[in-house]
Amino acid sequence: MVVVSATPRSTVRDSLSISLTVGAYGIAFGAASVAAGFSVVQSCLLSLLTFSGASQFAVVGVIGAGGTAISGVITAGLLGIRNGLYGMRVAPLLKVSGVKRILAAHVTIDESTGVALSQEPLGVDAMRRGFWLTGFGVFLFWNIFTLAGALGAQAMGDPAAWGLDAAVPAAFLGLVWPRLASTKERVLAVTAMALALGLTPFAAAGVPIISTAFLALLFASREKRR
Amino acid sequence: MSPTWWGVIGTSVVAFTFKYLGHSVPRKYLEHPRVLRVNALIPVALLSALVAVQTFTEKTKVMIDHRSAGLAVAILALALKAPFPVVVIAAALVSAGTYHFT
């Protein structure tokens, strides 16, 4: 096999365009986080250390609505399971250990995994470069834009006056929309909404959201019988 | 320590633990068909619940207010295949407008 040392231009292009586009969502996270009552420093730390969009939105959403830290962390953790599965997909490609494995794990997210797998026709080398370029690219832009969004929201004051309180559920909707491909997912989505709203008057904040994870379990086990 | 700090630290630790486990545990332990199925459905359930709770509740009350108008516009924008930033900004603008003029 010929070892290609230069990264194919298309790999660089794919990685950079995704890094910039996805990183820009960080502005929505920074703003949502500050609107939910997190400080600018806490918002930036979440982007630096958690570095997983859905989990970050979830923890600020739950705690911001008055939920306990535990329910926020559980909700965020459940959304972080998929990164573990991505790790298993990319680990055999990267073959790294020690500090490099820690770095690789930290930047294992939807986008780095997606670009790595999409480069398969170009070979393992391109897949590996795609992973690192996209992982670090998203990390860079996501953190810059988080800071911008957090500072912006801090300057705005009342979240409702600027529509930030609606921007957050709109962001969640944008995250879930592409996953509603089949009837099964749509039924689950509507059922989860109904269950969460139905439990809201009776359960502590955060619990109605976590309880819908059991709905997901139920739907997954029903699928098996077919 | 405040709930927000616990949230920042707890979420960061849990998120990294899953990522690192994925890189270290042999595939067969986590790549079970059942785990994969549940994993595909959990984000659908949790994110949908978050949409509902963040739009239609205030503490323990279920209600309809300016945020619903924002969400309606977000649904419309997504149905028209608008990009993510457009969806979020459109929802914010309409919600803020409704908030000020009602």
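Lettering follows sequence order; numbering is per chain, from 1. Note that the structure is predicted; figures quoted are calculated from it, not measured.
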Please flag which part of A:A194 lies under 4.5 Å from any non-hydrogen atom of chain B: side chain, backbone, both or neither. neither
What part of B:H23 gets within 4.5 angstrom of chain A, counting heavy atoms only: side chain, backbone, both, or neither? both
Among A:A36, A:G67, A:A104, the residue with the most heavy-atom pairs under 4.5 Å to chain B is A:A104
Between A:M193 and B:F56, is any pair of side-chain heavy atoms under 4.5 Å apart? no
Report which part of A:A58 has an atom under 4.5 Å of a heavy atom belonging to chain B: side chain, backbone, both, or neither. both
Relative to chain B, which segment of A:F51 carries a heavy atom at a distance below 4.5 Å: side chain, backbone, both, or neither? both
Point-to-point distance, once rounded to the nearest 0.5 Å, from CG of A:L197 to CE of B:M63: 12.0 Å
Using a 4.5 Å cut-off on heavy atoms from C-beta on, say whether the side chain of B:L21 contacts that of A:M88. no
With sequence neighbours left out, which residue pairs that include part of residues 164-190 of chain A fulfil the ring pair (Phe, Tyr, Trp, His ring centres under 6.0 Å) condition? A:F57-A:F172
Please examine the side chains of A:V62 and B:L50, heavy atoms only from C-beta on, and report whether any two atoms are closer than 4.5 Å. yes
Between the CG atom in B:L41 and the NZ atom in A:K184, the distance rounded to the nearest 0.5 Å is 6.0 Å
Output for pair (A:I209 CD1, B:S48 OG), nearest 0.5 Å, gives 11.0 Å
Quick check on A:W162: does its CH2 atom have over 12 non-hydrogen neighbours (other residues, nucleotides or ligands) under 6.0 Å away? no
State, with a plain yes or no, whether a side-chain heavy atom of A:S221 is found less than 4.5 Å away from one of B:R37. no
Distance only, no hydrogens: is a donor on one side chain within 3.5 Å (strictly under) of an acceptor on the other, for B:T11 and A:S55? no
Please flag which part of B:V62 lies under 4.5 Å from any non-hydrogen atom of chain A: side chain, backbone, both or neither. side chain
Where do A:G37 and B:T4 come nearest, in terms of heavy atoms and distance? O-CG2, 4.0 Å
Relative to chain B, which segment of A:I74 carries a heavy atom at a distance below 4.5 Å: side chain, backbone, both, or neither? neither
Please find the pair of heavy atoms, one from B:S12 and one from A:T50, that lie closest to each other, and give the distance. OG-OG1, 2.8 Å
Highest number of heavy-atom pairs under 4.5 Å with chain B: which of A:L173, A:V190, A:L217, A:T191? A:L173
Among residues 95-102 of chain B, residues within the sub-4.5 Å heavy-atom range of chain A, in order of number, are B:S95, B:A96, B:Y99, B:H100
Would you mind checking which part of B:I75 comes under 4.5 Å of any heavy atom in chain A, side chain (CB onward), backbone (N, CA, C, O), both or neither? both
So which residue, A:S33, A:P208, A:A161, ends up with the most heavy-atom pairs under 4.5 Å with chain B? A:A161
Please examine the side chains of B:K61 and A:P201, heavy atoms only from C-beta on, and report whether any two atoms are closer than 4.5 Å. no
Is A:I70 atom CD1 crowded by more than 12 heavy atoms from other residues, nucleotides or ligands, each under 6.0 Å away? no
Measuring heavy-atom distances to chain B, does A:I63 have an atom under 4.5 Å in its side chain, in its backbone, in both, or in neither? side chain
Any non-hydrogen side-chain atom of A:F38 less than 4.5 Å from a side-chain atom of B:V8? yes
What's the shortest heavy-atom distance between A:A220 and B:V38, and which atoms? CB-CG2, 3.6 Å
Among A:G198, A:A192, A:A213, which residue forms the greatest number of heavy-atom pairs with chain B at distances under 4.5 Å? A:A192
Quick one: does A:R179's side chain have a donor or acceptor within less than 3.5 Å of a partner on B:V44's backbone? no
In terms of heavy-atom proximity below 4.5 Å to chain A, should B:V14 be classed as side chain, backbone, both, or neither? side chain
Separation between CG of A:L215 and CG of B:L46, rounded to the nearest 0.5 Å: 10.0 Å
Decide yes or no on side chain to side chain donor-acceptor pair (under 3.5 Å) for B:T57 and A:T200, but give the supporting numbers first. CA-CA 8 Å; B:T57 72; A:T200 294; 5.0 Å; no
Contacts of residues 76-86 of chain B with chain A (heavy atom under 4.5 Å): B:L78, B:A79, B:F84, B:P85
Whether the side chain of B:Q54 engages the backbone of A:V168 through a donor-acceptor N/O pair (distance < 3.5 Å, no angle test) should be reported. no
Quick check for you: among B:P43, B:G70, B:S2, which has the greatest number of heavy-atom pairs under 4.5 Å with chain A? B:P43
Let me know if A:L48 has heavy atoms under 4.5 Å from chain B in its side chain, its backbone, both or neither. neither
Proximal component of A:A160, with respect to chain B [non-hydrogen, under 4.5 Å]: both
With sequence neighbours excluded, residues passing side chain to side chain donor-acceptor pair (under 3.5 Å) with A:T75: none
Looking only at heavy atoms, what is the nearest atom pair of B:V88 and A:A170, with distance? CA-CB, 4.3 Å
For B:K19 and A:H106, indicate whether the former's side chain and the latter's backbone hold a donor-acceptor pair under 3.5 Å. yes
So do B:F18 and A:R82 actually touch side chain to side chain, heavy atoms under 4.5 Å? no
Sort out for me which of B:I9, B:L93, B:L47 touches chain A most, counting heavy-atom pairs under 4.5 Å. B:L47
Among B:T55, B:D65, B:V13, B:V87, residue most engaged with chain A (heavy-atom pairs, under 4.5 Å): B:T55
Between A:L164, A:N83, A:L188, which has the largest tally of heavy atom pairs under 4.5 Å with chain B? A:L188
So which of A:A216, A:P169, A:A91, A:A196 has the largest heavy-atom pair count under 4.5 angstrom toward chain B? A:P169
Atom group of A:L195 that falls short of 4.5 Å from chain B, counting heavy atoms: neither
So, the part of B:F16 with a heavy atom under 4.5 Å from chain A: the answer is side chain
Quick one, A:F219 and B:I42 - any side-chain contact, counting heavy atoms below 4.5 Å? no
